[in-house]
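One-based numbering, in listed order, for ligands and for the atoms of each. Worth knowing before you read on, the calculation uses all heavy atoms, side chains too, and leaves out hydrogens, waters and symmetry mates.
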Amino acid sequence: MFSVSLCLCVKEKPVKAIVLFGSPGSGKGTQAKMLTECLGVPHISTGDMLRDSIRHGDQLGTAVVARMQSGALVSDEVVNRLVEERISRPEAGSGFVLDGYPRTLAQAERLCEWLDGRGIREVVIHLAVDYNVIIARLTGRRQCPRCGTLYNIGSHPPQVDGACDLDGEKLVIRDDDSESVIRERLAAYERQTHPVLQFFLKAGRRVVEVDASYDPPSAVFQKVSQALEPR
Ligand code: AMP
């Protein structure tokens, strides 16, 4: 999906914490996977962690399932704890990519404290996408329940209809990808998450806006890679 030279170029960047920011369906997951493949650092997606818990039927999954299915956000306390546990692991020592976190002011403040306390430099990459494009994208989205690979029946279909290219598993539509739930997720984003961008900007943190409406993932990745250049 991306060239080796671009990948090498991304690897040389000094930023350790990459925060991928954008509304649901902005392509954060796809860009995060490309970045983590190039950099060899963990992809920390709060949505994936929560869905894993629901799949395993553990205590956390049982506690969050209703909120997630309605498109509402899970409590700050729960997600802050999940993320801190992951970014404190040794495998995150050379860096990490955050996808879907922080989503509220309380989460952003907590993350900044954590990063500042360790002298870790971050860059917030805002993937900006038109909402009509997002609704079309999300209703066509399919995911492999085993390996997490994302497809889109319009723009990135699997080779065999309904099956994952990598492991043949039957692809699924996420519960929260129906149009009414998508609208609720976009509303939650506007209400709670968009102000987080203002927080980062006001705090003088590094925020780079990338237009991700119409370009294919490889072209967006090129722009994301440029966003990692030192100021
Ligand atoms: P995502 O896959 O990132 O779109 O997240 C799917 C759902 O997981 C969201 O609609 C929320 O219910 C929940 N979720 C994921 N990340 C967070 C977060 N940082 N804070 C609160 N809820 C979250």
Side-chain angles (χ1 to χ4, degrees), residues 17-33 35-36 42-56 58 60-87 96-115 122 124-129 131 133-145 147-152 171-197 199-200 212:
I18 301 172
V19 179
L20 282 178
F21 201 85
S23 65
S26 58
K28 297 188 298 290
T30 304
Q31 294 302 316
K33 279 199 168 50
L35 277 170
T36 52
H43 169 196
I44 300 175
S45 155
T46 40
D48 283 349
M49 285 191 266
L50 294 166
R51 276 184 291 278
D52 274 349
S53 282
I54 292 174
R55 209 170 304 123
H56 293 130
D58 61 24
L60 171 65
T62 313
V64 301
V65 67
R67 291 193 73 75
M68 280 189 71
Q69 281 175 351
S70 71
L73 292 183
V74 168
S75 81
D76 291 330
E77 197 198 332
V78 165
V79 282
N80 282 343
R81 199 165 358 101
L82 273 181
V83 170
E84 274 181 38
E85 193 274 321
R86 285 293 177 100
I87 60 183
F96 49 84
V97 178
L98 287 173
D99 161 12
Y101 178 93
R103 256 176 158 98
T104 65
L105 284 177
Q107 293 174 21
E109 281 164 4
R110 187 74 205 101
L111 175 67
C112 288
E113 267 169 39
W114 192 93
L115 293 169
E122 88 284 344
V124 178
I125 298 176
H126 176 210
L127 299 174
V129 184
Y131 279 6
V133 173
I134 285 176
I135 291 173
R137 257 187 207 173
L138 290 183
T139 48
R141 189 153 78 165
R142 304 290 181 271
Q143 188 167 30
C144 173
C147 67
T149 303
L150 287 167
Y151 298 88
N152 191 289
L171 301 180
V172 296
I173 302 177
R174 280 171 33 178
D175 286 342
D176 56 354
D177 276 347
S178 73
E179 187 164 341
S180 61
V181 177
I182 290 166
R183 289 196 184 277
E184 176 48 38
R185 289 166 62 201
L186 289 174
Y189 174 78
E190 275 298 318
R191 258 188 335 263
Q192 285 160 291
T193 309
H194 206 251
V196 175
L197 256 195
F199 164 84
F200 279 114

Proximity to ligand 1 by part of [X], non-hydrogen separation under 4.0 Å:
X      : result
Arg174 : side chain
Asp176 : side chain
Lys28  : neither
Leu50  : side chain
Val74  : both

Look at atom 16 (N) of ligand 1 and say which protein heavy atom is nearest, naming residue and atom and giving the distance to 0.1 Å. Thr46 OG1, 2.7 Å

In this structure, atom 20 (N) of ligand 1 is nearest to the protein heavy atom Gln107 NE2, 3.0 Å

Any idea which of Glu184, Met49, Arg67, Met68 brings a heavy atom closest to atom 7 (C) of ligand 1?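 Considering heavy atoms of Glu184, Met49, Arg67, Met68, the nearest to atom 7 (C) of ligand 1 sits in Met68.
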
If you measure from atom 5 (O) of ligand 1 to every heavy atom of Arg103, Arg185, Gln143, which option wins on shortest distance? Arg103

Considering distance alone, does some N or O of Arg51 sit under 3.5 Å from an N or O of ligand 1?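 Yes, since at least one N or O of Arg51 sits under 3.5 Å from an N or O of ligand 1.
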
Short N-O contact, [X] and [Y], less than 4.0 angstrom:
X      : Y      : answer
Asp177 : Arg185 : yes
Arg81  : Glu85  : no
Arg191 : Glu184 : yes

Using the ring of each side chain (for Trp, its six-membered ring), is Phe21 parallel, tilted or perpendicular to Tyr189, with breaks at 30° and 60°?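 Phe21 vs Tyr189 ring planes: tilted.
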
Nearest 0.5 Å, what's the OG-NZ distance between Ser45 and Lys28? 8.5 Å

Would you say Ala72 contacts ligand 1, with heavy atoms under 4.0 Å as the rule? yes

